[in-house]
Amino acid sequence: WMAMEKERGISVSSTVLQFEYNNCCVNLLDTPGHHDFSEDTYRVLSAVDAAVMVIDAGKGIEPQTLKLFDVCRKRGVPIFVFINKMDRPSRPPLELIDELEDVLKLAPAPVNWPLGDGPRFRGVFDRKKGQVNLFEKTAHGAFKAPLEVAGIEDPKVRQALDDELYETVTQEIEMLDGLTEPLNIERILAGEQMPIYFGSAMNNFGVQNMLESFLEMAPAPAGRVSKGEMISPDTDNFSGFVFKIQANMNPRHRDRAVFVRIVSGVFERDMQVIDQRTGKKVRLANAQKLFGQDRETLDTAYAGDILALIGNYDFLIGDTLTSDPKVTYNEMPRFTPECFAYILNSDTSGIKRYRSGIKQLMKEGVAQSYHVHGSDQSVPMLGAVGPLQFEVLQARLASEYNVETRVESPPYQIVQWFEEKVPDKHRSKLEPPEVKLPSGSVVAKDQDGNWVVLLSAKFYIGILQERNEHLIFRD
C-alpha cells in the first residue's frame, strides 16, 4: 500500500489478511522479502503458529531467508517450503532440496516433484497421491491454472514430456524414496522436518495443492507463555498482545491501526480490557478485519485471529491486552542494529510536522532511537537492521507528513548494552556507570532507558571488555 512499495515493486511493510478455505479460518501475515529486514518482519513472526517460506527456484536460499528461518527455529515455528518460479530457468531440484537440508538442518520431505523447469516446465508429480498435475499457463495468473490429473505412466504425461525429460523425472522420483523420509506430522510440528512444494505462484499453479496440504498438517492456534505458565487458547479470559502498529494506512483518514494477536478467550466489540503496561482499562470500540485495502467491522474474534484496532489508542508494540490482570506476555524480540543514522529536518517551517512524524514512526518501531550522553544534538540517533529502513522513514515523512529530510551517518557500526556487576547505589540515574571507552566511542541511552556504548568497529569490543571488568556487556 505504500508509494515506495509500488514504485520499487517490493514489500516493505508486513501485511495482514484473513480468509476462509475448506472450513478453516486462515490469518495470513505476509512479511517483506527484501534483504534489509526491518524489525517489523521479525515481530510479525511472534504472532504466527507456522511459516511458509517462499524460495526462488533460480536462486535457492537467500540471506534474508536464512535470517527469518533462524527466528522461526528459535521460536519453534513449523516450516513449510514453497519453491516458486518453476516456470523460469531453475536450479536442479535435487540440488535445491540438498541445499535446504544442509543450510536449514531440517529433514526435507518433498510433497510433490517438478516435471522440468523454465520453458520445459510441464507440471508436478504428487508423491502422496501418485498423480500428475499438468501445467497450463494463464495470463498473469488471472485464473486458476487448469489441472489435468493422471498417473505418471498416463499417455498424456508421456506426450507432455520429451523422452529425455521423462527419463530424468522418473529417475529422480525413484531416487527420492531412498534419499528422503516419509512425511511425519509429529516431526513437522516439532520443527524437525519440512514439507516442500514446487510450483509457480504467478500462474497460480501448485498453490491450491500446497494450501490444502498445509491446512491438513499446520497446527491449530497455540498458546503463549505468561510468567512461566502456558496460557491455553481455550482459556475463558481474553488475552492478546500488540505486535504491529501502522499509521496512515488510509491517508484520507490519518488513522492508526494497532494489530493484536489473540491468544485466548473471545474478543467482543466494545469489551473492556487492561493494558498491562499502563494498568489502565481500555474499551476496544473500533476493531476491523483487513484484507488488503478492504476493511470490515469485526464484532467477534477468537484465539489465533488478528485484530486491527483503529483509532487513537495509546498502545505500544509488545503491550499485553487482557481481561485477566495476572496475564502478561513478553513476546517481542529486539534485534541489534547493524547501521546508524540521523534523519534531520531540512525545512525549519516543518519542524512541528517533523517531530510529530518521528514520534509516530518511533512508536511503530520503524527504527530504534538512541540519545548520545552529553550531546547537544536534540534529534535522536536511529539504529536499524538495514539501511532500507532509513529510506522508508524518509519516504513516509515526505508522503505522510510533508517533511523533507536529509540523512547524516555517524561513525558507529556496533552497539553494546552494559550494566554494572555491582550496582552503585549512589549513582544518579541520569548518569551512566563509569566506563573507560576505546577511541572514537560514545555512551548513549536507548529508547527504553538502558545504557549502551556505540563503537566504530567490531575489534573495539574486546578492548572495551578488557578495560571494564566491573561491567557486563551484551549485544
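Remember, predicted model here, so these are calculated numbers, not experimental data.
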Whether over 12 other heavy atoms sit under 6.0 Å from Glu167 CD: no
Going from CZ on Arg73 to CD1 on Ile79, what distance comes out if it is rounded to the nearest 0.5 angstrom? 9.0 Å
What do you reckon, is CD of Glu192 surrounded by more than 12 foreign heavy atoms closer than 6.0 Å? yes
If you look at every heavy atom in Phe121 and Gly123, which pair is closest and at what distance? CE1-O, 3.1 Å
I'd like to know if Arg224 and Asp49 make a salt bridge, using a cut-off of under 4.0 Å between side-chain N and carboxylate O. yes
Would a line drawn from the ring center of Phe340 to the ring center of Tyr412 be shorter than 6.0 Å? no
Residue pair Leu316 / Asp319, side-chain heavy-atom distance below 4.5 Å: yes
Mind checking the CG-OG spacing from Asp56 to Ser90? Nearest 0.5 Å is all I need. 7.5 Å
For the CG atom of Leu397 and the CD atom of Gln360, what is their distance to the nearest 0.5 Å? 11.0 Å
For the pair Ser200 (side chain) and Met86 (backbone), establish whether a donor and an acceptor sit closer than 3.5 Å, ignoring hydrogens and angles. no
Beyond-backbone contact of Leu309 with Leu321, side-chain heavy atoms, under 4.5 angstrom: yes
For Gln394 and Thr405, test the side chains for any donor-to-acceptor distance below 3.5 angstrom and give the result as yes or no. yes
Sequence-distant partners of Ala107, side-chain contact (heavy atoms from CB on, under 4.5 Å), two or more places apart: Glu181, Arg187, Gln193
If only atom types and distance count, is the side chain of Asn84 paired as donor or acceptor with the main-chain N or O of Ala201 below 3.5 Å? yes
Side-chain contact test, heavy atoms from C-beta onward, threshold under 4.5 Å: evaluate it for Tyr21 versus Gln208 and give yes or no. yes
Can a donor-acceptor pair be found, under 3.5 Å and without considering hydrogens, that links the side chain of Thr320 to the backbone of Phe241? no
side-chain contact (heavy atoms from CB on, under 4.5 Å) partner of Ser46, the single match among Met332, Lys244, Arg261: Met332
So, are Arg158 and Asp163 salt-bridged, with charged N and O less than 4.0 Å apart? yes
Please lay out, stage by stage, how Val81 and Leu100 fare under the test side chain to side chain contact (heavy atoms under 4.5 Å, CB included). CA-CA 9 Å; Val81 178; Leu100 283 165; 4.1 Å; yes
Leu464 vs Ser441 side-chain heavy atoms within contact, under 4.5 Å: no
Check this for me: does any side-chain nitrogen of one of Arg75 and Glu331 sit under 4.0 Å from a carboxylate oxygen of the other? yes
With sequence neighbours excluded, tell me which residues meet side-chain hydrogen bond (donor to acceptor under 3.5 Å, both in side chains) with Tyr370. Gln368
Taking the side chain as every heavy atom from C-beta outward, state whether Ile188 and Met194 have any pair of such atoms under 4.5 Å apart. no
Verify the distance criterion only: is there a donor paired with an acceptor across the side chains of Gln18 and Asn27 at less than 3.5 Å? yes
Of the non-hydrogen atoms in Leu183 and Ala109, which two are nearest, and what is the gap between them? CD2-CB, 3.7 Å
4.5 Å side-chain heavy-atom contact, Phe267 and Asp299: no
Could you tell me if Ser213 and Tyr197 have a donor-acceptor pair between their side chains, going purely by distance under 3.5 Å? yes
If you compare all heavy atoms of Gly191 against all heavy atoms of Leu106, which two are closest, and at what distance to 0.1 Å? O-CD2, 2.9 Å
Leu179 vs Leu94 side-chain heavy atoms within contact, under 4.5 Å: yes
Considering non-hydrogen atoms only, spot the tightest contact between Leu189 and Ala218 and give its length. CD2-C, 4.4 Å
Heavy atoms from other residues, nucleotides or ligands near CZ of Arg88 exceed 12 (cutoff 6.0 Å): no
For Phe243, which of Leu29, Val48, Ile317 qualifies under side-chain contact (heavy atoms from CB on, under 4.5 Å)? Leu29
Just by distance, with hydrogens left out, do Asn133 and Asp126 show a side-chain donor and acceptor under 3.5 Å apart? no
Inspect the contact between Arg91 and Glu99 and indicate whether a charged nitrogen and a carboxylate oxygen are less than 4.0 angstrom apart. yes
Can a donor-acceptor pair be found between the side chains of Ser239 and Ser264 at a distance below 3.5 Å? yes
Would you mind listing every ring-ring contact (aromatic ring centres under 6.0 Å, His included) that reaches into residues 63-111, with sequence neighbours excluded? Phe80-Phe214
Atom CD1 of Ile262 and atom CG of Leu307: how far apart are they, to the nearest 0.5 Å? 4.0 Å
Taking the side chain from Thr336 and the backbone from Asp475, do they hold a donor-acceptor pair closer than 3.5 Å? yes
Suppose the criterion is salt bridge (Lys or Arg N to Asp or Glu O under 4.0 Å): which pairs have a residue in residues 202-217, not counting sequence neighbours? Lys128-Glu216
Hey, is Glu364 close enough to Arg396 for a salt bridge, meaning N to O under 4.0 Å? yes
Look at the side chain of Asp154 and the backbone N and O of Lys156, then say whether any donor-acceptor pair between them is shorter than 3.5 Å. yes
With sequence neighbours left out, what residues match Tyr342 under side-chain contact (heavy atoms from CB on, under 4.5 Å)? Leu344, Val372, Gln377, Met381, Glu408, Pro410
Look up atom CD in Gln416 and atom CZ in Arg474, then write down how far apart they are to the nearest 0.5 Å. 9.5 Å
Plane angle bin for Tyr313 and Phe315 - parallel if under 30°, tilted between 30 and 60°, otherwise perpendicular: parallel
Rounded to the nearest 0.5 Å, what separates atom OG1 in Thr297 from atom CZ in Arg295? 10.5 Å
Give the C-alpha distance, both sets of side-chain angles, the deciding distance and a yes or no for side chain to side chain contact (heavy atoms under 4.5 Å, CB included) between Arg127 and Thr180. CA-CA 12 Å; Arg127 297 179 68 214; Thr180 61; 3.7 Å; yes
Does the Asp448 side chain pair with the main chain of Asn450, one donor and one acceptor, at a distance under 3.5 Å? no
Are side-chain heavy atoms of Ile358 and Leu393 found at a separation under 4.5 Å? yes
Could you walk me through whether Asn112 and Met210 pass the side chain to side chain contact (heavy atoms under 4.5 Å, CB included) check? CA-CA 9 Å; Asn112 62 22; Met210 192 227 72; over 6 Å; no
Distance-minimising heavy-atom pair for Glu20 and Cys25: CG-CA, 4.3 Å
Would you say Thr322's side chain and Phe238's backbone share a donor-acceptor pair under 3.5 angstrom? yes
Summary of salt bridge (Lys or Arg N to Asp or Glu O under 4.0 Å) pairs that have at least one residue in residues 108-125, sequence neighbours excluded: Arg120-Asp162
At their closest point, which heavy atom of Val407 faces which heavy atom of Ala341, and how far apart are they? CG1-CB, 3.9 Å
Aromatic contact, Phe198 with Trp113 (centres under 6.0 Å): yes
